[in-house]
Asker: 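A single structure is presented below for examination.
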Amino acid sequence: MALKIYNSYTRQKEIFETITPGHAGMYVCGPTVSGESHLGHARPYITFDVVYRYLQHLGYKVRYVRNITDAGHFEEEGKEAEDKVGKKALLEKLEPMELVQKYTNLFHWAFKKFNCLEPSIEPTATGHIVEQINMIEKIIEEGYAYVVNGSVYFDVKKYAKNHDYGKLSGRVIDELLSTTRELEGQDEKKDTADFALWKNAAPEHIMRWKSPWGEGFPGWHIECSAMATKYLGPSFDIHGGGMDLLFPHHESEIAQSTICNHRAPVKYWMHNNMITINGKKMGKSYNNVIKLTELFSGSHPLLTQPFHPMTVRFFILQSHYRSPLDFSNEALIASEKAFKRLWEAFETLKKLEPDKSETAKDEELESKVVNWLNELDEFMNDDFSTPKVIANLFELAPIINSLKEGLILPGNISSNTLLLMKEKFAFYLEDILGLQNISEADNAMLQGIMGLLIDIRKEAKAKKDFATSDKIRKQLTEIGISIKDEKDGGMSWTVD
RNA sequence: GGUCCUGUGGCCGAGUGGCUAGGCAAAGCUCUGCAAAAGCUUCUACACCAGUUCGAAUCUGGUCGGGACCUCCA
């Protein structure tokens, strides 16, 4: 059973076969570190973290490249050319690189909390100015770019004559070329559809580099082409990013790289859908951003409580990456409860002892369980259907709890199946979905204290001193620890 | 305006033409000193209108609504 990936370029699911057997190259558009990461950023990096994990599981040696855009893009239409990073730095009276460092650190901090694996290479745009300039020179040599007043533009019209510009994003080239909009700063371009490879820097522009065309800074699209080519080669397997990047960013990347390397750069294009908030895309320009720090601390008007990064990760994986996902405080609370329940079932499962029965006494149950377990692989192979994986794990939760409670007898499921269940549950939950326990109970001192309190409470209960046992339970509940009486007279506790 | 996507039960969210997705919430029951948890059960929806089909949430056309991109964006 082979992995199938939905390829945005062909708009269909395709069997995944890497260019180099045994190896997979994946490039994902990283953050622009001119501001704090927000909930919207969580989706692509969690999505592609799961892709990365799963490809490794399939046995590929994966090189995962995710850039940091620290050079700042320019805003070219309707505004003066100005570097976003440079502008904000002036406002905050910080060095541009200081600002970039600050937000890079914050980004790393947040995604460590999300339990995202670190990419193999995390190149910065400013660290690859030379590569970008080289690439631009190559494109000029090939005759697909022109220089105007110290800026360099890609000639889309010429490219479109013998290439399929617009295929990825579904644009019609004639319409792009015949755009009637008259915007400032367009006069340098031969055509409105052309895009900048290099921009001449205005005097107030802080971030600037010397180039064959004068002092300036790179265009937005060229960094990804340059770095992907450098670390993954002229053709690589997967390029990922948000759907909002389809046009013009990825379309332009294809054009640049194709001219430069004489071949299509990417075999499988993957795009995650957006997170919406009240039906609107979350983004700086919409003024509806929930920063990750606000999400984790609960300090945002839309939130009634803090949310653990794992709750957010779980929430995101409960929907398919290509579907839009609407955020709400209520939806996150639902995910938090669901996740806690699932994780408790997992903890319970780990403690279950396999029965000696080699054959199951309840064949119907046995086959249902085996089927649910086997489907997990199918679901992942079907374009990473994490919601279905999670749904099947939830199917297993009542089975696990019933085994623990004795509502299902141990022998009803064969020992092999129970072992398989333990193995798959841990594998999918932890290794593939990348989820972690969110309980804060893993503290030796707390465990010691709780052990003592539980002993006292057990003694009280044995003496039918319910006043004492209830007092212990009640007061612990008030400070956020809940005690549950088990069927066999034991007690368990959890930190809320 | 152009291109594309989308509309599922109280809420979130899967759905490959025929078989209960799943979660949260709610209700009832079981268990329990009480509670919590857990288990069982119930709530069976696919914007609207036509069409194709033995059969459509799933395909086609139309209507209405929502969204994305076309400008920085995950």
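Chain naming here is simple, since letters A, B, ... match the order of the sequence lines and numbering starts at 1 in each. All heavy atoms count here, side chains included; hydrogens, waters and symmetry mates do not.
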Asker: Give a yes or no on whether a salt bridge exists between A/D455 and A/K458, defined as a side-chain N under 4.0 angstrom from a carboxylate O.
Answerer: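 No, A/D455 and A/K458 are not salt-bridged.
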Asker: Checking side-chain polar atoms at under 3.5 Å, does A/D326 have a donor or acceptor matched by the opposite partner on A/T276?
Answerer: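 Yes, A/T276 and A/D326 have a side-chain donor paired with an acceptor closer than 3.5 Å.
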Asker: Could you tell me whether the side chain of A/N392 has a donor or acceptor atom within less than 3.5 Å of a complementary atom in the base of B/G22?
Answerer: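 No, the side chain and the base share no sub-3.5 Å donor-acceptor pair.
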Asker: Could you work out, with ring pair (Phe, Tyr, Trp, His ring centres under 6.0 Å) as the rule, every residue matching A/F379, not counting sequence neighbours?
Answerer: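 Applying ring pair (Phe, Tyr, Trp, His ring centres under 6.0 Å) to A/F379 gives none.
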Asker: Produce the list of close N/O pairs, under 3.5 Å, pairing protein atoms with atoms of nucleotides 3-12 of chain B; give distances to one decimal.
Answerer:
{"unit_1": "B/U3", "atom_1": "O2'", "unit_2": "A/G170", "atom_2": "O", "d": "2.8"}

Asker: Over all strands shown, is A/K484 touching base, sugar-phosphate only, or nothing at heavy-atom distances under 4.0 angstrom?
Answerer: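 Base, at least one base heavy atom under 4.0 Å.
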Asker: Strictly below 4.0 Å, heavy-atom distances to any atom of RNA chain B: list the hits from residues 473-483 of chain A, or just say none.
Answerer: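 Of all residues in residues 473-483 of chain A, the ones placing a heavy atom under 4.0 Å from RNA chain B are A/R473, A/I483.
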Asker: If a pair satisfies salt bridge (Lys or Arg N to Asp or Glu O under 4.0 Å) and one of its residues is in residues 238-256 of chain A, list it, with sequence neighbours excluded.
Answerer: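 As it turns out, the salt bridge (Lys or Arg N to Asp or Glu O under 4.0 Å) pairs with a partner in residues 238-256 of chain A, which skip direct neighbours, are A/D244-A/K281.
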Asker: How many whole angstroms separate atom CG of A/N288 from atom C1' of B/A74?
Answerer: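 Taking CG of A/N288 and C1' of B/A74, I get 13 Å after rounding.
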Asker: Can A/Y45 be said to stack with the base of B/A74, given centres closer than 5.5 angstrom and planes under 30 degrees apart?
Answerer: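 Here A/Y45 fails the 5.5 Å or the 30° condition.
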Asker: Take A/C29 and A/A397, find for each the nucleotide of RNA chain B with the closest heavy atom, and name the residue whose nucleotide sits nearer the 5' end.
Answerer: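 The 5'-side residue here is A/A397.
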Asker: Look at all strands and tell whether A/L407 reaches a base, only sugar-phosphate, or nothing, counting heavy atoms closer than 4.0 Å.
Answerer: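 Counting heavy atoms under 4.0 Å across all strands, the contact made by A/L407 is with sugar-phosphate only.
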Asker: For A/N412, check side-chain hydrogen bond (donor to acceptor under 3.5 Å, both in side chains) against everything at least two apart and list the hits.
Answerer: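 Testing A/N412 for side-chain hydrogen bond (donor to acceptor under 3.5 Å, both in side chains), a comparison that skips the adjacent residues, returns none.
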Asker: For the residue pair A/F425 and A/F346, does the interplanar ring angle fall in the parallel (under 30°), tilted (30 to 60°) or perpendicular (over 60°) class?
Answerer: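 Ring orientation of A/F425 relative to A/F346: parallel.
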Asker: Are A/D383 and A/K13 close enough for a salt bridge, meaning some N to O gap below 4.0 Å?
Answerer: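 A salt bridge is absent here (no side-chain N lies under 4.0 Å from a carboxylate O).
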Asker: Taking only residues two or more places apart in sequence, or in another chain, which ones meet A/F111 in a ring pair (Phe, Tyr, Trp, His ring centres under 6.0 Å)?
Answerer: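 Scan of A/F111 (ring pair (Phe, Tyr, Trp, His ring centres under 6.0 Å), adjacent residues dropped) gives A/Y45, A/F107, A/F114.
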Asker: Which residue lies toward the 5' end of RNA chain B, A/I390 or A/G242, if each is placed at its nearest nucleotide?
Answerer: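 Residue closer to the 5' terminus by nearest nucleotide: A/I390.
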